[in-house]
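To start, the structure itself, in structure tokens.
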Amino acid sequence: MSQSRAADAEGAAKDAGATGKTGAPAKPRRRQARGEARIAQLLKAAADVFGATGYTAASTNAIAREAGVSPGTLYQFFPNKEAIAVELGDHLLTRWRETYGAAFLADHLELPLDRMLDATLDPLIEFNCANPAFTVLMHGSEIPGMVTKDHDAVHVTMLGRVETILAGYLPDKPPAEVTRIATMIFHIFKSGLDVIMAHEGEEREAYIREMKTVLHRYLEPMIPDDTAAGSRSRHTP
């Protein structure tokens, strides 16, 4: 989070007190360089707590306990739970955008359909499984508005990239139909991801394969035989 955003939060914290009840989402107080390690410690603890209990059930006391510090120490850096969620959401969204950039590459249009699904889905699945708090903060009903707004922007951009990739595989489909197909794929992925994250080990790997199979069988009949991507997509390794 930028220094200016943190400075704004300091004023908000003074006006609202410990509860941080203002018209805008609460943000962290100004921090000094020597506090960055403590910030990272608190955000990691918050990610663990949010991932385990959800956002609504989490508390600043639980986060402080997970971090091994007193609640008073936590309040030196964050006025409330909402401020922690905003900061953590910022960090996770930055890392998500890096993962998203690696997942949606123009080179994927040169791949057979099955390999394209691997190249696109694997980094996204890996990120979400490694960061369960991301799913909590992006999809919960009680999440601070700032985090939700950022997520909506990422959602729109990601859907546009899915459409771009699909247009290369489905050159004969009108744009409106490509948009519908992309939307359906996006929701299949989100639903499948919930199932995948609910399992571990071999069961998780099995569900990953199942989701890819669903998407492959949905898309493969639509791809024309005379397109480069279509002809390669019908190859079975």
Side-chain angles (χ1 to χ4, degrees), residues 89 92-132 134-141 143 147-199 202-237:
L92 291 175
L93 277 170
T94 297
R95 291 163 58 189
W96 164 259
R97 289 186 181 101
E98 294 170 356
T99 301
Y100 151 89
F104 294 96
L105 298 176
D107 289 349
H108 292 173
L109 286 171
E110 303 300 320
L111 297 173
L113 179 59
D114 51 358
R115 289 176 54 198
M116 183 274 286
L117 290 173
D118 288 340
T120 302
L121 297 178
D122 285 348
L124 301 178
I125 294 170
E126 181 179 356
F127 175 87
N128 280 274
C129 289
N131 299 280
F134 180 77
T135 299
V136 172
L137 291 178
M138 294 302 106
H139 303 296
S141 59
I143 302 306
V147 178
T148 302
K149 181 180 178 180
D150 287 342
H151 169 257
D152 290 344
V154 171
H155 175 109
V156 170
T157 305
M158 182 174 174
L159 187 58
R161 295 293 287 274
V162 173
E163 289 185 39
T164 298
I165 289 179
L166 283 180
Y169 284 82
L170 308 172
D172 298 330
K173 299 287 187 185
E177 188 169 353
V178 172
T179 298
R180 284 196 299 271
I181 295 169
T183 301
M184 183 59 66
I185 288 173
F186 189 78
H187 285 282
I188 291 172
F189 172 75
K190 286 174 61 179
S191 298
L193 188 61
D194 289 340
V195 178
I196 289 167
M197 293 181 64
H199 295 81
E202 293 183 1
E203 276 298 294
R204 174 174 288 177
E205 293 301 318
Y207 278 109
I208 291 173
R209 291 193 296 271
E210 288 297 318
M211 183 171 69
K212 290 178 180 178
T213 298
V214 169
L215 291 173
H216 190 281
R217 290 181 179 176
Y218 173 53
L219 288 170
E220 195 268 348
M222 305 180 195
I223 299 175
D225 287 329
D226 58 352
T227 64
S231 63
R232 291 195 300 271
S233 73
R234 296 176 188 276
H235 169 69
T236 301

Practice problem: Take atom OH of Tyr100 as the centre, draw a 6.0 Å sphere, and report whether it contains more than 12 heavy atoms from other residues, nucleotides or ligands. | Solution: yes
Quiz prompt | Nearest heavy atoms of Ile196 and Cys129, plus distance in Å | solution = CG2-SG, 4.0 Å
Exercise. Not counting sequence neighbours, which residues clear side-chain contact (heavy atoms from CB on, under 4.5 Å) with Arg209? List them please.
Key: Glu205, Ala206
Self-check item: Over all atoms of both residues, closest heavy-atom pair of Tyr169 and Pro224
Solution: O-CD, 3.6 Å
Quiz item: What are the two closest heavy atoms between Thr99 and Pro123, and how far apart are they?
Solution: CG2-O, 3.3 Å
Practice problem: Report yes if the side chains of Met116 and Leu113 come closer than 4.5 Å at any heavy-atom pair, otherwise no. | Solution: yes
Quiz item: Can you check side-chain contact (heavy atoms from CB on, under 4.5 Å) on Arg180 and Thr183, steps first, answer last?
Solution: CA-CA 5 Å; Arg180 284 196 299 271; Thr183 301; 5.7 Å; no
Quiz prompt | Inter-residue atom distance Met222.CE - Leu170.CG, 0.5 Å rounding | solution = 7.0 Å
Quiz item: To the nearest 0.5 Å, what is the distance between NZ (Lys190) and CD1 (Ile188)?
Solution: 12.5 Å
Quiz prompt | Contact check, side chains of Leu121 and Ile208, non-hydrogen atoms, under 4.5 Å | solution = no
Practice problem: Check the pair Lys212 / Asp122 against side-chain contact (heavy atoms from CB on, under 4.5 Å), numbers first and verdict last. | Solution: CA-CA 10 Å; Lys212 290 178 180 178; Asp122 285 348; 2.6 Å; yes
Practice problem: Can you measure from OG1 (Thr213) to CD (Glu220) and round to the nearest 0.5 angstrom? | Solution: 12.5 Å
Quiz item: How far does CG of Asn128 sit from CG of Leu92, to the nearest 0.5 angstrom?
Solution: 10.0 Å
Self-check item: Residue list, salt bridge (Lys or Arg N to Asp or Glu O under 4.0 Å) with Asp194, at least two apart or on another chain
Solution: none
Quiz prompt | Atom of Pro132, atom of Met197 and distance for their closest heavy-atom approach | solution = CA-CE, 3.8 Å
Practice problem: Not counting sequence neighbours, which residues clear salt bridge (Lys or Arg N to Asp or Glu O under 4.0 Å) with Lys173? List them please. | Solution: Glu177
Can you give the donor-acceptor pairs under 3.5 Å from side chains of residues 158-166 to other protein atoms, not counting sequence neighbours?
residue : atom : partner : partner atom : Å
Arg161  : NH2  : Phe104  : O            : 2.1
Glu163  : OE1  : Thr179  : OG1          : 3.1
Thr164  : OG1  : Gly160  : O            : 3.1

Quiz item: With sequence neighbours left out, what residues match Ala119 under side-chain contact (heavy atoms from CB on, under 4.5 Å)?
Solution: His108, Leu111
Self-check item: Aromatic ring pairing Trp96/Phe134, orientation class (parallel under 30°, perpendicular over 60°, tilted between)
Solution: parallel
Self-check item: Which residues share a side-chain contact (heavy atoms from CB on, under 4.5 Å) with Glu210, sequence neighbours left out
Solution: none
Practice problem: Please report the closest heavy-atom contact between Gly192 and Met211, naming both atoms and the distance. | Solution: CA-SD, 3.7 Å
